[in-house]
Amino acid sequence: MSSSSRGPGAGARRRRTRCRRCRACVRTECGDCHFCRDMKKFGGPGRMKQSCLLRQCTAPVLPHTAVCLLCGEAGKEDTVEGEEEKFGLSLMECTICNEIVHPGCLKSLPSCLQMGKAEGVINAEIPNCWECPRCTQEGRTSKKPKPPLASAEGPAVPSPSPQREKLERFKRMCQLLERVPDTSSSSSDSDSDSDSSGTSLSEDEAPGEARNGRRPARGSSGEKENRGGRRAVRPGTGGPLLSWPLGPAPPPRPPQLERHVVRPPPRSPEPDTLPLAAGSDHPLPRAAWLRVFQHLGPRELCICMRVCRTWSRWCYDKRLWPRMDLSRRKSLTPPMLSGVVRRQPRALDLSWTGVSKKQLMWLLNRLQGLQELVLSGCSWLSVSALGSAPLPALRLLDLRWIEDVKDSQLRELLLPPPDTKPGQTESRGRLQGVAELRLAGLELTDASLRLLLRHAPQLSALDLSHCAHVGDPSVHLLTAPTSPLRETLVHLNLAGCHRLTDHCLPLFRRCPRLRRLDLRSCRQLSPEACARLAAAGPPGPFRCPEEKLLLKDS
DNA sequence: AGTAACGTCTGT
DNA sequence: ACAGACGTTACT
């Protein structure tokens with residue numbers, strides 16, 4: 001195997017490895033995803049050899065054995081203090097040519113070997129990842145593969161056009177995500193990342209349906225040569241250590257872009273001022289601009305984002321995007337999804353969309369601050385992604401009118417994740433902290449309500465309208481002395497629950513905080529019994545005028 | 001030596 | 001385009 005005979009740093013591309021620190025790395029396997037089920041330890045055949053979907057590292061690092069192609073040494077950023085010095089001594093891997101160097105080693109090359117004043121384009125999303133000055137300088141990005149510098153004798157690398165397209169998308173993504181100290185003009189088109197349609201977002205890529213959201217293809221390690229059949233031969237890869245940048249450069253291998261990750265915007269310092277064409281800065285600081293932007297809607301913000309690079313960056317501020325609405329979009333494109341992730345909304349409406357399970361999983365894994373999620377009218381197939389998603393901040397979940405949701409499906413969502421160890425913390429379901437749950441139109445029975453009492457005990461608003469199986473016993477359950485919801489419920493929607501009879505009405509007086517009870521379209525309820533409930537004086541519910549018992553269809 | 005899993009290739 | 005397979009790499 002030729003790649004193993006190459007010394008590290010001699011052009012052998014390095015496989016990335018887990019950071020072991022990110023949230024994904026430190027969690028346990030879900031035991032339930034496609035790849036877990038394949039694992040021998042979970043009773044599978046062990047053929048796929050992939051990491052648990054929930055354990056996909058979000059910051060894959062270079063292996064410890066990686067060294068600089070130029071000096072042959074490892075990363076040495078720990079030996080210095082300043083940011084700039086650290087950068088010069090860190091190992092950077094180019095997403096295009098895959099070469100790993102110390103940026104400092106590049107700078108100290110004789111000037112005749114340097115690439116003018118070209119700067120690398122740093123990809124802040126992935127550690128030690130950039131587009132090296134040479135690739136940047138030569139425009140070796142989306143359009144052309146990196147030609148062998150010394151016109152090596154090797155065969156041209158076949159680059160099928162789909163891969164080329166992916167490369168272009170990848171390049172765009174890198175430009176959009178880059179957080180380079182603005183010395184380079186190589187990313188001038190990155191300002192155009194917001195599109196003209198207002199609420200729809202188009203910018204960097206998200207994997208969408210692709211490849212389970214696997215990590216970005218770094219260069220691989222040349223193992224493609226181990227297969228018979230067609231393969232991309234890499235000429236000149238055994239070249240001398242110091243051949244770069246003069247020697248035959250490894251031809252580019254378009255990375256397999258469908259696997260790259262898009263993460264929340266890094267906490268990189270934002271420019272605080274707006275540079276003007278005249279060279280000076282606009283007197284208003286960023287904070288003032290943000291206060292202006294806060295008065296704009298999504299459409300206007302997207303327009304602002306096309307004004308200039310600085311505005312574009314400022315407008316990603318998540319304070320400007322507390323809620324995002326993608327409802328009723330038949331298909332969600334990768335740019336839309338990554339646009340959401342970059343804006344980190346607190347509330348996201350995906351109702352009646354064709355969001356897929358993978359897309360939802362991808363999103364939720366990257367929206368850890370999400371407080372409100374609306375998925376009404378989506379398919380259970382997709383929504384089941386909630387079953388293995390981390391939802392630490394979730395307060396509102398809307399699952400109305402999802403087809404095929406019965407007790408067993410809701411159970412999946414309510415029960416604690418399978419990897420929660422009994423002694424770890426107390427076993428907590430995902431919806432423990434949820435205050436508002438909308439379950440209208442689902443085929444739930446009292447079995448689900450019992451689970452709700454146990455695993456969603458903090459509900460203040462519950463929508464069970466048009467749940468055909470909800471009847472008097474359900475109200476008994478909800479208002480029983482043992483029910484935690486008896487104390488917490490403020491809003492309860494039971495509209496269209498035909499099985500409810502007058503007998504259940506007095507039970508609602510057990511809920512001291514109940515302020516709004518929707519009993520519209522409950523055929524068996526008599527106006528008289530409802531009137532008696534409504535007239536119930538203190539300490540019963542519905543005391544204030546704005547607190548209502550809704551009885552009739554308005 | 002053993003385990004995990006990365007990145008690419010193949011068949012559909 | 002996708003899912004599955006698997007050689008190989010990274011690390012213990």
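Order of the sequence lines fixes the chain letters, A, B, ..., with proteins taken first and strands second; residue numbering starts at 1 for each chain.
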Comparing A/D38 with A/P63, nearest DNA chain C nucleotide closer to 5' gives the residue A/D38
Atom CD1 of A/I100 and atom C1' of C/dT9 are separated, to the nearest Å, by 13 Å
Closest to the 5' end of DNA chain C, once A/P45 and A/V61 are matched to their nearest nucleotides, is A/P45
note: A/E93, atom CD; B/dC6, atom P; distance rounded to Å ~ 14 Å
Which of C/dA5, C/dC11, C/dT9 is nearest the side chain of A/R15? It is C/dT9
When rounded to whole Å, the CG to C1' distance for the pair A/N98 and B/dC6 reads 14 Å
note: A/K49, atom NZ; C/dT8, atom P; distance rounded to Å ~ 10 Å
With the side chain defined as heavy atoms from C-beta on, A/R47 is closest, among C/dC6, B/dA5, B/dA4, to C/dC6
| query | Hey, are A/K86 and A/E81 close enough for a salt bridge, meaning a charged N less than 4.0 Å from a carboxylate O? | reply | no
Between NZ of A/K40 and C1' of C/dC6 the distance, given in whole Å, is 12 Å
Of the candidates B/dC6, C/dG4, C/dC11, the side chain of A/M48 sits closest to C/dG4
task = Verify the contact: side-chain N or O of A/R14 to OP1 or OP2 of C/dT9, cut-off strictly under 4.0 Å; return yes or no.
result = no
Sorted by chain and number, sequence neighbours left out, side-chain hydrogen bond (donor to acceptor under 3.5 Å, both in side chains) with A/D349 holds for A/S351
Correct closest heavy-atom pair for A/W321 and A/C302 would be CH2-SG, 4.2 Å
Here the pair of heavy atoms bringing A/H102 nearest to A/E73 is CE1-O, 3.3 Å
A/M39 atom CE is separated from B/dA4 atom P, nearest whole Å, by 8 Å
Ranking B/dG7, B/dA5, C/dC11 by distance to the side chain of A/H64, first place goes to C/dC11
**Message:** One thing to verify: whether A/D38 and A/R47 come together as a salt bridge, which I'm taking to mean a side-chain N less than 4.0 angstrom from a carboxylate O.
**Reply:** no
Separation of B/dC6 atom C1' from A/L53 atom CG, nearest Å, is 14 Å
Among the nucleotides B/dA5, C/dC11, C/dC2, whichever has the atom closest to the side chain of A/K358 is C/dC2
Fill in: Heavy-atom donor-acceptor pair, A/Q50 side-chain to B/dG7 base, under 3.5 Å
yes
Atom CZ of A/R18 and atom P of C/dT12 are separated, to the nearest Å, by 13 Å
According to a strict under-4.0 Å criterion, is A/R20 in side-chain N/O contact with OP1 or OP2 of C/dC11? no
